[in-house]
Amino acid sequence: MYKLVIEDDEGKTTVVPIIRDEITVGRKEGNTIRLTERNVSRRHAKLMKKDGQIEIEDVASRYGVRRNGQKIEGRVPFREGDVVIIGDYRLRLQVDKPKAEGKPEVKAQEPPPEPEELPQHQAARIVVISSNFAGREFYLTRKEMVIGRTEGDIRIDHRSISRNHAKLVRDGQRYKVLDLNSANGVKVNGEEYRAVQLKRGDLIELGHVRLRFVEPGEDFVFLPQAEDMEGEAAPASSGGNKGLLFGGVIAVLAVVIIALAVLLLGGDEKPQGGEQAATNNGSPVEEQPGPGNEMLARGNEAMEKEEWERAMILFDEVLRQDPNNKAAQEKKSIAAREKPFKEAFERGNTAMKSSSYEEARRSFSEIPEISIYYARIRKDGLLEAATQGLVAKHLEDARAAMGRKDFNSARALVIKALDLDPENSDAKALRAEISRGERRDDGGDPPPRDKGGDKGGDKGGDKNAGGDKGGDKGGVSQEERRAKLQELLDSAKKKSLQGDQGGAIADATEALKYGGGVQAHYQLGIAYEKQGNTAKAIEHYNVWLKANCGNKLGDVVRQKILKFGGAPSC
C-alpha cells in the first residue's frame with residue numbers, strides 16, 4: 001500500500017494513505033489534499049495510480065512541481081525515494097510491503113521511547129567558530145533546543161541573532177535546524193533554508209555568527225587560526241580561552257627571539273638564493289603551503305573550467321581540513337548554485353541543435369540573472385533565437401493545418417506565435433488569411449469589390465475583413481488581448497519573485513503595449529526597486545500612485561517613494 005508523506009517548512013510531517021486512483025493537491029477547498037501556503041496554486045497537482053505505480057502531474061500551478069530538483073512537464077512517475085516539492089512542502093512516497101503468504105505474522109518489537117535528554121557523550125554539539133564567541137560549544141542533549149540572543153536554551157548575545165532565532169530538533173540519530181522567522185535567516189553551507197537536516201561538518205550561519213555541527217562521537221577540536229599551524233595539531237588546553245591566549249603569547253615571544261637571533265648572528269648578509277631562506281648546507285627551502293591551500297587552488301582551477309561538481313568535492317575537502325575557510329565556503333556555494341544552471345544551459349544548446357525550440361526556451365528561461373550563463377544567453381541572443389525558431393515552427397505548422405482546412409488548429413498555432421512575438425507581420429497576415437479561409441469554406445465570403453466603385457455599398461457588411469471583431473491590429477481580438485495582458489502581468493510577478501528582475505521588467509513593459517496601465521507600472525516599480533534602480537522605481541510607483549491615491553496600498557507606496565528620496569505624486 002502506498003502512503004504519501006507530506007513535510008512542511010517547519011518539519012511537521014503528515015502521512016496520507018493513497019486509497020483512491022486519483023488524488024488532487026492544491027490550496028482550494030475541494031482538493032483531496034489541501035495545502036494552505038500561498039505559494040501553492042488553487043489546483044496545483046494530481047497523483048494517479050496506474051498499473052500499480054504512482055504518477056504525478058502538474059495541473060495548473062503557477063510555480064510548478066519539482067521532482068528531485070527538476071521541474072516536471074506533464075505526467076511523470078513518482079517512485080519511492082523521489083522527493084517532490086510543491087510550494088514549501090516536500091512530498092515522499094512510503095510503500096508498505098505486503099506480508100508473505102503462509103508465514104506467520106511476526107509482530108515487530110516496538111523501539112523503546114526516545115529519551116527526552118541524553119548524556120553529553122551521546123549527544124551532538126554545535127561549536128561557534130566565528131565572532132568573539134569562537135570556541136564556545138553547546139551540547140544538544142534535549143530533543144528540542146532553541147537558539148536566541150536573549151531567550152531560549154542556547155544564548156548567543158550577538159546583534160545579528162534574533163531573540164528566538166532557530167530551533168534544533170533531534171529525531172533518533174538525526175538532527176534538524178529550523179528558522180524561527182528570524183530577521184537574518186539561517187544558512188547551512190552558504191545556502192538559506194527554512195528547515196534542513198544536518199550532517200557531519202555542516203556550517204550553520206545565524207546572522208553573522210558561524211557554527212559547526214559536530215555529530216555524536218565525532219572528534220573535533222576548535223583551533224583558532226588553524227591555517228597558520230602548518231597542519232600540526234595544537235594540544236588542547238584545559239584552560240579554555242586562557243590557554244589559547246597563553247599559547248599565543250608564547251608564539252609571539254618565539255618569533256621575537258628568532259628575529260633577534262637572525263639580527264645578531266646574520267648581520268645584514270642575505271642568504272644565498274635571493275629572497276629564499278637557506279639551510280645549513282646552502283640548499284634553498286621553499287615556503288610550505290598551509291593546509292588545504294593546494295586543494296583550494298585545484299578547486300579554483302575546476303571552477304575556471306566550469307567543472308562545478310569537481311569543484312564542490314575539492315572545496316568540501318578544504319572545509320574538512322579547515323571548517324572556517326571563508327574562501328572555500330563562498331566558492332562551494334557558487335559552484336552548487338551554478339551546477340544546475342550549467343545543465344540547463346547545455347540542455348538548451350542541445351535542444352537548439354535539434355531544432356527543439358520549445359525545450360530550448362524552457363531551459364534558457366530557468367537561468368536567472370545571477371548566473372554566469374545568463375550573460376552568455378543575453379550576449380549570444382540565444383533566448384531570442386529560440387523564440388524566433390519556435391514562432392517559425394508554429395507558423396509552418398499553421399500553414400500545414402490550413403492546407404488540411406483544419407482552421408481551428410491553424411488559428412491556435414498562430415495565437416501561440418503572436419503570444420511569443422506580438423508584432424510578427426507573418427503571423428498577423430496568416431491570421432487574417434485564416435479568417436478569410438473560414439468564411440470561404442462556409443460559403444459566406446462576399447465577392448471582391450472594385451476599388452473604385454460602390455464606396456458606400458454593403459457598408460460594414462464584412463466586419464471581419466481586416467481581422468477579428470473589434471478591428472484589432474493583426475486580427476487579435478480584445479478578449480485575446482486581455483488574456484495576453486494577464487499572462488504578461490502574472491509572468492512579470494512570477495519572475496520578480498524568482499529573482500529574475502530583468503525578465504520581470506521585460507514582461508511588464510510588454511504588458512503596457514496591451515493596455516496594462518497602472519498594474520504594469522506597479523510591477524515595474526517593484527522590479528526596479530529590487531534591482532536597486534530607485535530612480536526608475538520612483539517613476540513607475542508615482543504613475544501607479546496617481547491612479548490609486550486613496551488605495552490602502554497607497555500609503556505603503558508613498559512611504560517607499562519618500563524612503564528613496566522622491567516626491568510622491570499625491
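The two residues E55 and R75 come nearest to each other via the heavy atoms OE1-CD, 2.8 Å. Between K494 and R62 the shortest heavy-atom distance is NZ-O, 2.7 Å. Closest approach of M352 to A385, counting heavy atoms only: CE-CB, 3.8 Å. Taking all atoms of both residues into account, the shortest heavy-atom contact from A537 to F564 is CB-CE1, 4.4 Å.
Counting heavy atoms from C-beta on, the side chains of V65 and I86 come closer than 4.5 Å. H165 places a side-chain heavy atom less than 4.5 Å from the side chain of V186. Annotation: side chain of L4 is in contact with side chain of F78 (closest heavy-atom distance under 4.5 Å). Side-chain contact check for T509 versus L524: some heavy-atom pair is nearer than 4.5 Å. Taking 4.5 Å as the limit, some side-chain heavy atom of T36 sits within range of a side-chain heavy atom of Y89. You'll find the side chain of K199 stays beyond 4.5 Å of the side chain of R174, heavy atoms only. Residues N349 and L382 have side chains in contact (heavy-atom distance under 4.5 Å, counting atoms from C-beta outward). At least one side-chain heavy atom of R67 sits under 4.5 Å from a side-chain heavy atom of P77.
Note: W544 and Y522 have tilted aromatic rings, judged against thresholds of 30 and 60 degrees for the angle between ring planes. By the 30° and 60° cut-offs, the orientation of the rings of Y528 relative to H540 is parallel.
Note that NZ of K331 and CG of L319 are 12.0 Å apart. Values are rounded to the nearest 0.5 Å.
Note on E306 versus R376: salt bridge recorded, some NZ/NE/NH1/NH2 to OD/OE distance being below 4.0 Å. Ionic pairing of E529 and K560 is present here: one or more N-O contacts between side-chain nitrogen and carboxylate oxygen are shorter than 4.0 angstrom. With respect to R298 and E301, no salt bridge is recorded, no charged nitrogen being found less than 4.0 Å from a carboxylate O. Under 4.0 Å is where a charged nitrogen must lie from a carboxylate oxygen, and between E366 and R347 at least one such pair does. Note on K416 versus E358: no salt bridge recorded, every NZ/NE/NH1/NH2 to OD/OE distance being 4.0 Å or above. Under 4.0 Å is where a charged nitrogen must lie from a carboxylate oxygen, and between E359 and R362 at least one such pair does. For the pair K393 and D397, the salt-bridge criterion is met [side-chain N within less than 4.0 Å of a carboxylate O].
Of the possible polar contacts, one joining the D322 side chain to the N324 backbone as a donor-acceptor pair under 3.5 Å is found. Using a distance-only test at 3.5 Å, with no hydrogens or angles considered, no donor-acceptor pair links the side chain of R92 to the main chain of V5. Judged by distance alone, the side chain of H394 and the main-chain N or O of V391 form no donor-acceptor pair under 3.5 Å.
Heavy-atom contacts from other residues, nucleotides or ligands closer than 6.0 Å to CZ of R43 number 12 or fewer.
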Working for side-chain hydrogen bond (donor to acceptor under 3.5 Å, both in side chains), residues Q329 and S333: CA-CA 6 Å; Q329 291 171 16; S333 177; over 6 Å; no

